[in-house]
Amino acid sequence: MNDHAAMNRNNSQAPHVVNHALGQSAASLHFHEKVTADNSKFRGVHPMVALDSHQINLGRLVQKALQNLPGSDNHGNEFADPQKSISIYDQSKESHVQKQKPDFITVTRGPGMRSSLSTGLDTAQGLAIAWQIPLVGVNHMQAHALTSRLVSALENPETSIEPAFPFLSLLVSGGHTMLVHSASLTSHHILATTADIAIGDCLDKCGRHILPSHLLASSKDTMYGRLLEAFAFPSDAPYEYTPPPRRAEELARKPTKWGWAFGVPLAETRCGSKSKSMQFSFTGTGSTVQRTIENRAQQGGMGEAERQALAREAMRVVFEHLASRVVMALQILQNNSEQALSTLVVSGGVACNGFLRHILRAFLDVRGFSHIKLAFPPLALCTDNAAMIAWTGMEMFEAGWESELGVQAVRKWSVDPDAEDGGILGLDGWRRRGS
Ligand code: AMP
Ligand code: ZN
């Protein structure tokens, strides 16, 4: 993925500190475009393909982004002061125009493939030096956690940024399944991650087995999880779903009229006791789907109604698994936390799923957490994107942080201050603004 965004406070002429102290904000997204490398020939992201894509596209994207910088301030005055403006060649006018000079430049520093990240870091550092402005190298996972706050700043400029800390985030995508407790801007405790594959990966695998071949063939991409939802719920009819009122009902095996049934992921430890481990696991559900389809194939194949039932059950099982860990986390936090939590942010491609949204709401309600608000950022902002990086830089910059020139890309970088590397601020290269 290779992207770039240009973003400013709407009122960037006003001192940032004042807005921050009031807890009020307004943000504008001036340009947002995404280029995704074609890795379809490989079963994942190929480092060389990703690097080529970054090198080929990043300069062009920056060039395009600069055209979209504001040409005048909030009062319509052009930026005449050379310290506050930069000269950009406008191709449509065939002449140079003055644009607002950014206050600072933000780039992703990690975690991820160092080769691709370095392309961005080198470009950002060059711009920071040329424009004589600070550089802010941020954490990609921190940016995911802050996305809902970006949405709030973009959509509700008149109100305080929401959610306020602390809040919970559930990141459910093709590459991640993570439950995070965000205590403050730089403190994000990872409460649960997957022990095996990501939930999106699991649903894609389920889709590959369950979807009838004509549907698989018609798909333009490998996001079979999305297709699986459309196949399982072809109409807008209300979901037939009763949330388990207690953990005992949640763990009970639920036989179907077709003769197969799913086990609950991580229901038991290796020694047989009931497990309450704060972890996710999805391979078991995928294997049950595969086995069930293969068994039927030996008996002459599976009809459409049964496939639909299998799709619904597989989704119910993995979504209830997510919900169960959310409830466990809320129960723990309820007893230990000084500040009450009021929001769960759900992001990533799988968060589009209507059945997941329904299950989470029903599950939280029946377990005594109806006061917890569910927030679903729009898809373009909750899958990988540059606007969330720009926003994270903005929050870090306003909190007084910038990066030293020469900071390097990092493959691993935790967001959790209790991790071995010390989390976001544990990495070298941070300095206080103006120091
Ligand atoms: P991301 O990694 O955030 O880009 O999300 C991509 C993943 O989300 C893929 O595994 C998709 O199959 C999955 N996905 C997208 N839409 C849906 C949906 N409506 N239901 C289930 N999974 C989905
Ligand atoms: Zn990501």
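Keep in mind that this is a model prediction, so the values were computed, not measured. Indexing begins at 1, ligand by ligand and atom by atom, following the structure's order. We're numbering straight along the sequence, starting at 1.
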Quick one: look up the protein heavy atom nearest [atom] and list residue, atom name and how far away it is.
{"atom": "atom 20 (N) of ligand 1", "value": "N353 ND2, 2.9 Å"}
{"atom": "atom 13 (C) of ligand 1", "value": "V350 CG2, 3.9 Å"}
{"atom": "atom 12 (O) of ligand 1", "value": "D204 OD1, 2.5 Å"}
{"atom": "atom 19 (N) of ligand 1", "value": "E229 OE1, 2.7 Å"}
{"atom": "atom 22 (N) of ligand 1", "value": "G225 C, 3.6 Å"}
{"atom": "atom 2 (O) of ligand 1", "value": "G174 N, 2.8 Å"}
{"atom": "atom 3 (O) of ligand 1", "value": "G349 N, 2.9 Å"}
{"atom": "atom 4 (O) of ligand 1", "value": "T383 CG2, 3.7 Å"}

Which atoms of ligand 1 are found less than 4.0 Å from any heavy atom of G200?
->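 In order of numbering, the contacting atoms are 10 (O).
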Ligand-side contact atoms (ligand 1) for residue partner S173, heavy atom cut-off under 4.0 Å =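 Numbered from 1, ligand 1 contributes 1 (P), 2 (O), 3 (O).
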Metal site angle (apex the Zn ion (ligand 2)), NE2 from H140 and OD1 from D384, 10 degrees =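 Value returned, to the nearest 10°, is 90°.
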Can the positive tip of R316 be found less than 6.0 Å from the middle of the six-membered ring of Y241, inside 45° of the ring normal?
->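 R316 over Y241 ring: no.
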Taking the six-membered ring of W401, is NZ or CZ of R431 closer than 6.0 Å to its centre and within 45° of its axis?
->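 Relative to the ring axis of W401, which defines the angle, R431 lies outside at least one limit.
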Should the pair [X]-[Y] be classified as a salt bridge under the 4.0 Å nitrogen-to-oxygen rule?
{"X": "D204", "Y": "R208", "result": "no"}
{"X": "E306", "Y": "R296", "result": "yes"}
{"X": "R291", "Y": "E294", "result": "no"}

When the aromatic ring centroids of F363 and F319 are compared, is their separation below 6.0 Å?
->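 Ring-ring flag for F363/F319: false, centres at least 6.0 Å apart.
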Any donor-acceptor pair under 3.5 Å from H54 side chain to A50 backbone |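 Yes; at least one donor-acceptor contact below 3.5 Å.
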Is a side-chain donor or acceptor of R109 paired with a backbone partner of L121 at a separation under 3.5 angstrom?
->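 A pair under 3.5 Å: no.
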Run down the list M315, R226, M223 and name the one with the heavy atom closest to atom 23 (C) of ligand 1.
->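 Of the listed residues, R226 has the closest heavy atom.
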